[in-house]
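Since the model is a prediction, treat every value here as computed from it, not as a measurement. No hydrogens, no waters, no symmetry mates; every other heavy atom, side chains included, goes into these values. Counting from 1, the numbers follow the sequence of the chain as shown.
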Amino acid sequence: QVQLVESGGTWVQPGGSLRLSCAASGFRFGSSAMGWFRQAPGEEREFVAVIDWRGSSTLYADSVKGRFTISRDNAKNTVYLQMDSVMPEDTAVYCCAAPTRGYLPRRNYEYTYWGQGTRVTVSS
């Protein structure tokens, strides 16, 4: 009964900021890396960021590096995505995901559990 529930998606103006949250349950969150992916209309799902199980290491897609920050609070079973300096091309449905294995997985097929996503729209 694994559940990943995202929240925080909203409309935001270019250059603005918002924070997405993903509440996890039904598995050992504290032993699992966690990732964020996004999917824009008409496009394939894209890797955004991943954080290791301890929250000590991260990897980011080039498109968001320097603007987005992934973090986690294992006591709350929650992973976050802080989005700063957002651009229209960041518009997408953002999903959090838990991998089957791997330290810092980046591929879709390495992930087992997926949330349903939260929509982010960046426009003037």
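Side chains of Gln39 and Glu46 form no contact here, defined as non-hydrogen atoms less than 4.5 Å apart. Side-chain contact between Glu6 and Cys95 is present, with heavy atoms from C-beta onward closer than 4.5 Å. Looking at heavy atoms from C-beta onward, Asp52 lies in side-chain contact with Tyr103 at the 4.5 angstrom threshold. Residues Ser123 and Pro14 fail the side-chain proximity criterion, which asks for heavy atoms closer than 4.5 Å. Contact of the Ser7 side chain with the Thr118 side chain is not registered, since no non-hydrogen atoms from C-beta on lie closer than 4.5 Å. Side chains of Leu81 and Thr69 form no contact here, defined as non-hydrogen atoms less than 4.5 Å apart. Side-chain atoms of Val79 and Ser71, non-hydrogen and from C-beta on, never get closer than 4.5 Å to each other. With a 4.5 Å cut-off on side-chain heavy atoms, Val12 and Thr121 do not count as touching.
The structure places CG of Leu59 at 8.0 Å from NZ of Lys65, a figure rounded to the nearest 0.5 Å. We find the CD-CE distance between Gln13 and Met87 to be 16.0 Å, quoted to the nearest 0.5 Å. How far CG of Leu4 is from OG1 of Thr78: 10.5 Å, rounded to the nearest 0.5 Å. Rounding to the nearest 0.5 Å places OG1 of Thr58 at 15.0 Å from CE of Met34. Rounding to the nearest 0.5 angstrom, the gap separating the CZ atom in Phe47 from the CH2 atom in Trp36 is 13.0 Å.
When atom types are taken as modelled, the side chain of Glu110 and the backbone of Arg107 share a donor-acceptor pair closer than 3.5 angstrom.
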Worksheet item: Which is it for Val5 and Cys22 under the side-chain contact (heavy atoms from CB on, under 4.5 Å) test, yes or no, and what are the steps along the way?
Response: CA-CA 5 Å; Val5 182; Cys22 172; over 6 Å; no
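Between Val120 and Met83, the shortest heavy-atom contact is CG1-CE, 4.0 Å. The shortest non-hydrogen separation linking Phe68 to Tyr60 is O-CE2, 3.2 Å.
Residue pairs meeting the side-chain hydrogen bond (donor to acceptor under 3.5 Å, both in side chains) criterion with at least one partner in residues 84-98, sequence neighbours excluded, are Ser17-Asp84, Arg38-Asp90, Arg38-Tyr94, Arg67-Asp90, Gln82-Asp84.
Cluster annotation: Phe37 is not connected to Val93 through the hydrophobic network of ILVMFWY side chains, with a link wherever side-chain heavy atoms come within less than 4.5 Å. A single hydrophobic cluster is not seen to contain both Trp53 and Ile70; linkage of ILVMFWY side chains at heavy-atom distances under 4.5 Å, directly or through other members, places them apart. Under a hydrophobic-cluster definition in which Ile, Leu, Val, Met, Phe, Trp and Tyr are linked whenever side-chain heavy atoms come within less than 4.5 Å, directly or via other members, Ile51 and Tyr111 are assigned to different clusters.
Tyr80 forms part of no hydrophobic cluster, judged by ILVMFWY side-chain heavy-atom separations under 4.5 Å.
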Cut-off 3.5 Å, no hydrogens considered: what does the side-chain donor-acceptor table look like for residues 23-33, sequence neighbours left out?
none

